[in-house]
Asks: 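One structure follows; several queries about it will come next.
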Amino acid sequence: MILPGGTIGILGGGQLGRMLAQAAQTMGYRVHVYEPQADCPAGAVANREFNAPYTDIAALSEFARSCDVITYEFENIPAGPLQEIERLTQLYPHWSVLEICQNRRREKAWLRENGFPHVNFANVDEQGDLAAAIHGIGLPCVVKTADFGYDGKGQHKVTNAAGIADAVKQFSGQRAVIEQFVTFQCELSVVVARSANGQTKTFPVSENIHTNHILDFSIVPARVEAEILSQADSLGRAIAERIGVVGLLAIELFLTSDGVLLVNELAPRPHNSGHYTLDACRTSQFEQHIRAVCGLPLGDVTLDAPVVMTNILGNAWFAKSDGSPVIPNWALLLQEPATKLHLYGKKEARLGRKMGHFSIRAENADLALALAKVLQANL
Ligand code: AMP
């Protein structure tokens, strides 16, 4: 057990690392952050920041020796160097969990081998016949790069013959995964925490609305039947146990138009759709992750009120009319009493870049969503 006063190392310096660091510090831990880029959001709040590539074993070893436990907030860290530092300091979640989740092919193969419901898919190698594989899955489908894809990056929806030709051009020489296009009622996610002694707790299921493949709103409680919530909870718990995660595991799900839950993606870290927990649950996902990796008892996941979390993208820094630079209307947001603003301290706003989020609590999820949409439109 790593008690408050100990040092937690976080690989990755983005907003997830920043909010993890803040939660850890609230509980009396010291936090060291390792991130290739200087001036990162987590580095700004860390007790110590290391800036070096993820493949620099000497720098990683120095970082590891300075920490009592290491975790990560970023999925695209090569698993090889993690195996090296695991010899020096406890690493949670285990590198093998990251290795499965960071690659769509391994992730899907793992889901299939372990009997968890997933989207029908086919793999194509660098020199493989993409067009034949697309015909095998059928149209419409989505072609995705196998490695390092997120927020819809490296994705291409194919609906017709011209789309197949485009996909062949775009993905030639790359390893890809072809997925059947799922017609869904909604997207859901569940964040599960599991500690080293096997205790698990699942946060309330979130309903997620994406715009341009990027999460826009998370709505909690999700507006689906209680039976679906219970299935999502059980599925999340079963996956966390089977994969043996210590820390958080986020599970993204499709609820198909036929009422079936399918796993889309797994992430062994805090998740954007779990940010609502900061303002609406007794324990936030960040605190829960710290508790889990330190071997402490897991916290209460009770939801105090219906809530909607809205992402604030860099787009809010550019006028909708002509794209000229503007300052978002923070006063409008903050004068609404049920609203909480979280900004990540990123210096440069870019279109599509996650700069912060806000949450709104209300009597029910529909009301919170209606208010969130008004505030977002007027930001
Ligand atoms: P991903 O990066 O795989 O999480 O995809 C980002 C978003 O694209 C998802 O949250 C869905 O909204 C959409 N998407 C991805 N894969 C599919 C699919 N096979 N069928 C339908 N929509 C998808």
Side-chain angles (χ1 to χ4, degrees), residues 14 16 74-76 98 100-112 116-124 130 133-160 163-164 167 170-171 174-191 205-220 222-224 232 235-236 239 248-276 309-311 313 352-354 357:
L16 302 175
F74 179 64
E75 246 158 285
N76 295 339
L98 180 72
I100 294 167
C101 299
Q102 71 185 179
N103 172 282
R104 290 188 199 278
R105 294 168 69 141
R106 279 197 288 273
E107 188 174 72
K108 292 212 175 324
W110 185 89
L111 290 168
R112 180 151 65 189
F116 293 112
H118 55 275
V119 182
N120 187 21
F121 72 98
N123 289 324
V124 185
L130 191 84
I134 290 176
H135 287 299
I137 291 290
L139 295 179
C141 70
V142 186
V143 185
K144 301 181 178 181
T145 49
D147 300 286
F148 303 146
Y150 66 98
D151 284 349
K153 292 194 170 70
Q155 277 194 33
H156 188 89
K157 183 176 173 188
V158 179
T159 51
N160 55 30
I164 299 178
Q170 189 181 329
F171 290 87
Q174 291 184 48
R175 295 188 313 155
V177 175
I178 296 157
E179 290 177 13
Q180 184 176 16
F181 184 81
V182 178
T183 317
F184 53 78
Q185 293 175 36
C186 66
E187 293 186 75
L188 302 172
S189 61
V190 58
V191 177
V205 175
S206 163
E207 174 188 344
N208 305 316
I209 299 179
H210 292 80
T211 304
N212 299 327
H213 298 281
I214 302 178
L215 183 65
D216 210 357
F217 303 103
S218 284
I219 304 154
V220 188
R223 297 165 302 171
V224 297
L235 187 55
I239 292 174
L248 293 180
L249 184 73
I251 295 122
E252 296 179 23
L253 301 160
F254 295 122
L255 176 61
T256 69
S257 46
D258 305 330
V260 175
L261 285 174
L262 297 177
V263 177
N264 174 29
E265 275 199 319
L266 308 176
R269 54 169 173 76
H271 194 259
N272 194 170
S273 70
H275 290 359
Y276 79 87
M309 187 284 321
T310 307
N311 269 333
L313 301 182
R353 188 177 198 201
K354 291 174 183 169
H357 71 268

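Both counts, for ligands and for their atoms, begin at 1 and track the order of listing. If you're wondering where the values come from, they're calculated on a predicted model, not measured in any experiment.
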Asks: Just say parallel, tilted or perpendicular for the rings of His275 and His357, cut-offs at 30° and 60°.
Replies: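 Judged by the thresholds at 30° and 60°, the geometry between His275 and His357 is tilted.
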Asks: Within the structure provided, determine whether Leu139 and Val158 are in side-chain contact (heavy-atom separation under 4.5 Å).
Replies: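 Yes, side chains in contact.
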Asks: Report yes if the side chains of Ile214 and Lys354 come closer than 4.5 Å at any heavy-atom pair, otherwise no.
Replies: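 Yes, at least one pair of side-chain atoms sits under 4.5 Å.
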Asks: Answer yes or no for Lys157: is there a heavy-atom contact with ligand 1 below 4.0 Å?
Replies: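 Lys157: no contact with ligand 1 (<4.0 Å).
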Asks: Please list, in number order, the atoms of ligand 1 under 4.0 Å from a heavy atom of Glu187.
Replies: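 Once the distances to Glu187 are compared, the set is 9 (C), 10 (O), 11 (C), 12 (O).
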Asks: Against heavy atoms of His210, which atoms of ligand 1 measure under 4.0 Å?
Replies: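 Atoms satisfying the 4.0 Å criterion: 10 (O).
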Asks: Does any N or O of ligand 1 fall below 3.5 Å from an N or O anywhere on Val119, backbone included?
Replies: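 There is no such contact.
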Asks: Scan residues 177-189 for pairs that pass salt bridge (charged side-chain N to carboxylate O under 4.0 Å, His left out), counting only residues two or more places apart or in two chains.
Replies: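 Residue pairs passing salt bridge (charged side-chain N to carboxylate O under 4.0 Å, His left out), neighbours aside: Lys108-Glu179, Lys144-Glu179.
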Asks: Does the side chain of Val142 come within less than 4.5 Å of His156's, by heavy atoms?
Replies: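 They are not in contact (no side-chain heavy atoms under 4.5 Å apart), so the answer is no.
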Asks: At under 4.0 Å between heavy atoms, which part of Asn208 makes contact with ligand 1: side chain, backbone, both or neither?
Replies: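 Neither; nothing of Asn208 gets under 4.0 Å from ligand 1.
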Asks: Suppose I only count heavy atoms of Phe184 and a 4.0 Å limit; which atoms of ligand 1 are within that range?
Replies: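 So the answer, numbered in order with elements, is 21 (C), 22 (N).
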Asks: Counting each atom of ligand 1 from 1 as listed, which ones have a heavy atom of Val182 under 4.0 Å away?
Replies: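 Numbered from 1, ligand 1 contributes 18 (C), 20 (N), 21 (C).
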Asks: Hey, looking at atom 8 (O) of ligand 1, which of Glu265, His213, Glu107 has the closest heavy atom?
Replies: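 When every heavy atom of Glu265, His213, Glu107 is considered, His213 comes closest to atom 8 (O) of ligand 1.
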Asks: With the side chain counted from C-beta on, respond yes when Phe217 and Asn208 share a heavy-atom pair under 4.5 Å apart, and no when they do not.
Replies: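 Heavy-atom side-chain distance check fails, nothing below 4.5 Å.
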Asks: Near Glu252, which atoms of ligand 1 are under 4.0 Å from a heavy atom of that residue?
Replies: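 Those atoms are 4 (O).
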Asks: Which is it for Asn123 and Arg105 under the side chain to side chain contact (heavy atoms under 4.5 Å, CB included) test, yes or no, and what are the steps along the way?
Replies: CA-CA 7 Å; Asn123 289 324; Arg105 294 168 69 141; 3.2 Å; yes
